[in-house]
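What follows is a single structure, written as structure tokens, with notes after it.
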Amino acid sequence: MLVNITCPKCNTSGGFSITDAYYIGPYKCWKCRAVLKINLENNRLVSCEAMDAAELARFEQEQEAKRRSRGR
């Protein structure tokens, strides 16, 4: 499923491909490179807001911890 996202910083439209109907996490604008926290429910964009570097680092650490706990 391809979800269209309009960057609130530069107003550029971009696409986000996802296999799950639900997602909360980072999205990087292809044009201005702003990192956004998006929330998708039922393949629809519910919210989109700026994500600072600390939030992104915390998210990436959590994802890495999940991968390690699954043995990957």
Side-chain angles (χ1 to χ4, degrees):
M1 177 69 165
L2 184 65
V3 178
N4 289 322
I5 298 169
T6 301
C7 177
K9 186 173 180 180
C10 70
N11 208 33
T12 299
S13 182
F16 187 77
S17 181
I18 189 164
T19 56
D20 295 331
Y22 298 92
Y23 174 78
I24 297 175
Y27 166 80
K28 187 179 281 190
C29 175
W30 66 270
K31 187 173 184 182
C32 73
R33 310 308 286 167
V35 178
L36 309 170
K37 181 179 181 181
I38 61 171
N39 181 359
L40 302 173
E41 292 181 6
N42 292 322
N43 297 316
R44 292 187 1 203
L45 184 63
V46 175
S47 66
C48 178
E49 57 191 43
M51 186 178 213
D52 64 26
E55 280 184 291
L56 179 59
R58 188 170 43 252
F59 179 83
E60 289 173 342
Q61 288 173 348
E62 289 170 0
Q63 294 302 310
E64 182 62 27
K66 287 179 185 177
R67 277 191 286 274
R68 287 182 184 167
S69 70
R70 290 189 299 238
R72 293 182 181 177

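Only heavy atoms go into these numbers, but all of them, side chains included; no hydrogens, no water, no symmetry mates. Not measured: the values here are computed from a predicted model.
- For the pair Glu64 and Arg68, the salt-bridge criterion is met [side-chain N within less than 4.0 Å of a carboxylate O].
- Lys37 has its side chain out of reach of Phe59: every pair of non-hydrogen atoms, C-beta onward, lies at least 4.5 Å apart.
- Within the structure, side-chain hydrogen bond (donor to acceptor under 3.5 Å, both in side chains) pairs that include any residue of residues 44-60 do not occur (at least two apart or interchain).
- Judged by distance alone, the side chains of Asn43 and Tyr22 never bring a donor and an acceptor atom under 3.5 Å apart.
- Taking every heavy atom of both residues into account, Cys32 and Cys29 meet most closely at N-SG, 3.5 Å.
- Between Ser17 and Leu2, the shortest heavy-atom distance links the atoms N-CD1, 3.9 Å.
- When side chains are defined from C-beta on, Lys28 counts as touching Val35, because their heavy atoms get closer than 4.5 Å.
- Tracing side-chain contacts under 4.5 Å through hydrophobic residues (I, L, V, M, F, W, Y), one reaches Ile18 starting from Leu45; they form part of the same cluster.
- Under the ring-ring contact (aromatic ring centres under 6.0 Å, His included) criterion, the residue pairs touching residues 24-53 are Phe16-Tyr27, with sequence neighbours excluded.
- Here CG of Leu56 is found 11.0 Å from CG of Leu36. Values are rounded to the nearest 0.5 Å.
- In plain terms, the two heavy atoms of Ile38 and Cys48 that are nearest each other are CG2-SG, 4.0 Å.
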